[in-house]
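For reference, the structure is listed below as structure tokens.
Quick note: residue numbers are just sequence positions, from 1. Each ligand, and each atom within it, is numbered from 1 in the order the structure gives. Owing to the predicted nature of the structure, the values given are computational and were not obtained by experimental measurement.
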Amino acid sequence: MIIGIVGAPNKGKTTFFKASTLMDVEVANYPFTTIDANKGVGFVRNQCIDSHFKVQCNPRHGFCKEHTRYIPVDIIDVAGLVPVANEGRGLGNKFLTDLYQANALIQVIDISGKTNLEGKTTNNEENDPAKEIAFLVEEIDTWLFGIFKKNLDKISREQRTKKTKTQTALMTFMGSMGVSEKNLDLVLKECLLKEKLLEDWTDQQLKEFTKNIRKTTKPIIIAANKLDVPGSYEKLKKLKEKLPDMKIIGCCAEAELALKSANKAGVIDYLPGANNFKIISEKINEKQKQALEFIRKDVLKKYDSTGVQEILDSIVFETLKYFCVYPGGTKKLEDKDGNILPDCFLMPPRSTTLDFAYKLHTDFGKNFIKAIDVKTKMLLGKDHLLKNNDVIEIISGK
Ligand SMILES: Nc1nc2c(ncn2[C@@H]2O[C@H](COP(=O)(O)OP(=O)(O)OP(=O)(O)O)[C@@H](O)[C@H]2O)c(=O)[nH]1
Ligand SMILES: [Mg+2]
């Protein structure tokens, strides 16, 4: 699972990334602070299944606190995107390649309206977040269109010599982008291109196809950042009314970063995503205390959390509809090192027991015999559809 963080320059992408991963990367109040992509690991939350078994798990990856399991996901933070017209002035948009593998994107916008599309600080009331959102979609679509266009000649030549169906001809290339057969089939049908030879596609048809592929392979949700700046909440409300079909969640990445850093330093006790924290160290100066109390009063009390964790959870569990499955045994839940429920896997929607077996090990998939639902002890066939918080034992041959 890879989540890409995108947006115009100076909106707080890297702050959001840092708050999610606690990696030490540069944040600054000017455009193009980030040039090379930052890659790190963040976490999404799920009610852990360990409480069902009345045990405390020991995750090998991620962590579990108060029976909330934090499951790792890869996060990429890229340079700020600028409109194509400005390409010469920005970094160009070639770095988008870093996002090729991403399953979904979080677009960070500055809901305070104090930075423009190029990331410059302005007090211009015209800074319109809806335009910023439309611009990004346009940039991503243009980028994908360019990639498809570049490869289409080669793929359609192959189609001509091998006389393959359009879907078959496209699949290898699309597969590298994470497009499944099923999704490709749906998009081709929707665009009425399933029976059309690739060499006959017009640019307009390719554009339409690209847009639809992007929607399925790179769904976007909006992180409306800098919610702590006065006046931002009203702007967020207006934006949600204007774009009712978009998933838009307000956040204050800076506050989340401050809380996580203070937690790591042992100054406070803070659970990512919580609506409060406790100061646990005497070694805190007045300035730090004031900053933390500001966050408590003006962010956590007002909005119930900093929003960062909610955004990560939302993109994985609501937008992508992934769910959690644990490997386990009917006789014991621990691995050979004594770790209880050591692993938790994020599975895509409609995953079966066989998909899960392959996820654990190719050999388990190839030699699959049956599976057991550890909670109910029921036997499951290979096509059984899994659900959130299933604990599954795979029985395989050899
Ligand atoms: N008030 C406020 N400022 C924030 C918040 N998040 C980030 N900032 C500030 O916004 C500025 C830009 O932050 P970055 O994280 O470097 O932004 P970016 O989008 O990665 O910028 P580029 O890499 O230059 O595209 C910095 O001055 C941050 O301190 C927030 O939640 N609230
Ligand atoms: Mg940055």
Side-chain angles (χ1 to χ4, degrees), residues 3-40 42 75-83 86-87 89-96 98-99 105-123 127 129 132-133 135-136 139-140 220 222-233 235-236 248-262 272-273 290-292 294-300 302-312:
I3 296 168
I5 299 181
V6 292
N10 211 12
K11 305 293 171 182
K13 297 180 295 299
T14 302
T15 310
F16 189 102
F17 171 84
K18 237 174 138 165
S20 310
T21 63
L22 273 189
M23 276 179 59
D24 192 14
V25 286
E26 195 185 349
V27 163
N29 187 18
Y30 49 80
F32 304 113
T33 306
T34 309
I35 294 179
D36 294 326
N38 296 309
K39 293 179 187 172
I75 304 185
I76 305 182
D77 160 47
V78 298
L81 265 159
V82 286
N86 287 343
E87 208 163 331
R89 283 151 70 193
L91 294 171
N93 291 337
K94 294 178 194 68
F95 58 84
L96 277 169
D98 291 316
L99 297 175
L105 305 176
I106 295 171
Q107 177 181 6
V108 177
I109 63 166
D110 175 356
I111 197 67
S112 77
K114 301 226 186 301
T115 49
N116 66 14
L117 253 191
E118 293 172 19
K120 298 204 179 88
T121 307
T122 60
N123 265 326
N127 292 331
E132 195 173 319
I133 292 169
F135 136 79
L136 185 107
E139 288 306 316
I140 304 257
I220 301 173
I222 308 298
N225 193 32
K226 311 195 186 180
L227 201 53
D228 53 301
V229 178
S232 297
Y233 183 67
K235 290 185 178 131
L236 174 62
I248 304 169
I249 302 175
C251 71
C252 178
E254 211 161 59
E256 180 73 7
L257 178 58
L259 292 174
K260 286 239 189 89
S261 307
Q290 267 175 17
L292 287 168
F294 170 81
I295 293 173
R296 184 168 0 233
K297 183 167 148 276
D298 278 358
V299 180
L300 299 181
K302 266 193 193 160
Y303 306 118
D304 207 37
S305 81
T306 67
V308 170
Q309 186 63 54
E310 192 187 338
I311 290 165
L312 292 174

**OP:** Determine whether the side chains of K11 and T115 contain a donor N or O and an acceptor N or O closer than 3.5 Å.
**Re:** yes
Original post:
Ignoring hydrogens and geometry, is there a side-chain-to-backbone donor-acceptor pair from E254 to G12 under 3.5 Å?
Top reply: no
Original post:
Side chains of P272 and E256: closer than 4.5 Å at any heavy-atom pair?
Top reply: yes
Original post:
What about L227: any of its N or O atoms under 3.5 Å from an N or O on ligand 1?
Top reply: no
Original post:
Nearest protein heavy atom to atom 15 (O) of ligand 1, by residue and atom, and its distance?
Top reply: T15 OG1, 2.6 Å
**OP:** Would you mind telling me if ligand 1 is within reach of the side chain of V108, the backbone, both or neither, using heavy atoms under 4.0 Å?
**Re:** neither
**OP:** Starting from atom 6 (N) of ligand 1, locate the nearest protein heavy atom and write down its residue, its atom name and how far away it is, to 0.1 Å.
**Re:** N225 ND2, 3.1 Å
Original post:
Roughly how far, to the nearest 0.5 Å, is CG of N10 from OG1 of T121?
Top reply: 5.5 Å
Original post:
Got the closest protein heavy atom to atom 25 (O) of ligand 1, with its distance?
Top reply: K13 NZ, 2.8 Å
Subject >> Protein heavy atom at shortest distance from atom 27 (O) of ligand 1 >> reply: N29 CB, 3.2 Å
Original post:
Quick one: does ligand 1 sit under 4.0 Å from the side chain of D110, the backbone, both or neither, non-hydrogen atoms only?
Top reply: neither
Subject >> Residue-ligand contact G7/ligand 1, heavy atom below 4.0 Å >> reply: no
**OP:** Report yes or no: do T122 and N116 form a side-chain donor-acceptor pair below 3.5 Å?
**Re:** no
Subject >> Best match, K114, E256, E254: closest heavy atom to atom 3 (N) of ligand 1 >> reply: E254
Subject >> Distance from atom 17 (O) of ligand 1 to nearest protein heavy atom, with residue and atom >> reply: G12 N, 3.0 Å
Original post:
Which protein N, O or S atoms does the Mg ion (ligand 2) have within a distance shorter than 2.8 Å?
Top reply: T14 OG1, T34 OG1
Subject >> Separation of L22 CG from K260 NZ (nearest 0.5 Å) >> reply: 5.5 Å
**OP:** Apply side-chain contact (heavy atoms from CB on, under 4.5 Å) to V6 and V78, showing your working.
**Re:** CA-CA 6 Å; V6 292; V78 298; 4.2 Å; yes
Original post:
Any idea which protein heavy atom is nearest atom 10 (O) of ligand 1, and the distance to it?
Top reply: K226 NZ, 3.0 Å
Subject >> Protein residue, atom and distance nearest to atom 16 (O) of ligand 1, heavy-atom basis >> reply: A28 N, 3.2 Å
Original post:
Does D77 reach ligand 1 with a nitrogen or oxygen that is under 3.5 Å from one of the ligand's nitrogen or oxygen atoms?
Top reply: no
**OP:** Using a 4.0 Å heavy-atom threshold (strictly under), name the region of D228 that reaches ligand 1: side chain, backbone, both or neither.
**Re:** side chain
Subject >> Evaluation steps, side-chain contact (heavy atoms from CB on, under 4.5 Å), between L312 and I75 >> reply: CA-CA 10 Å; L312 292 174; I75 304 185; 4.0 Å; yes
Subject >> Spacing of CG belonging to D110 relative to CG belonging to L227, to within rounding of 0.5 Å >> reply: 10.5 Å
Original post:
Any idea which atoms of ligand 1 are less than 4.0 Å away from a heavy-atom of G80?
Top reply: 25 (O)
Original post:
Got a second to check how far I133's CD1 is from I248's CD1, nearest 0.5 Å?
Top reply: 5.0 Å
Subject >> Atom indices of ligand 1, in the order listed, that fall short of 4.0 Å to a heavy atom of V229 >> reply: 1 (N)
**OP:** List every atom of ligand 1 that sits less than 4.0 Å from any heavy atom of P9, numbering the atoms from 1 in the order shown and giving each element.
**Re:** 25 (O)
Subject >> Beyond-backbone contact of Y303 with I249, side-chain heavy atoms, under 4.5 angstrom >> reply: no
Subject >> side-chain contact (heavy atoms from CB on, under 4.5 Å) evaluation trace for I111 with I109 >> reply: CA-CA 6 Å; I111 197 67; I109 63 166; 4.2 Å; yes
**OP:** Would you please test L117 and N127 for side-chain contact (heavy atoms from CB on, under 4.5 Å) and show each step?
**Re:** CA-CA 8 Å; L117 253 191; N127 292 331; over 6 Å; no
**OP:** Could you find the nearest protein heavy atom to atom 12 (C) of ligand 1 and give me its residue, atom name and distance?
**Re:** N10 OD1, 2.9 Å
Original post:
Roughly how far apart are I295 CD1 and C252 SG, rounded to 0.5 Å?
Top reply: 7.0 Å
Subject >> Rounded distance [0.5 Å steps], CD1 in I222 versus CG in L236 >> reply: 11.0 Å
Original post:
Taking distance alone, with no angle check, do C252 and ligand 1 share an N/O pair under 3.5 Å?
Top reply: no
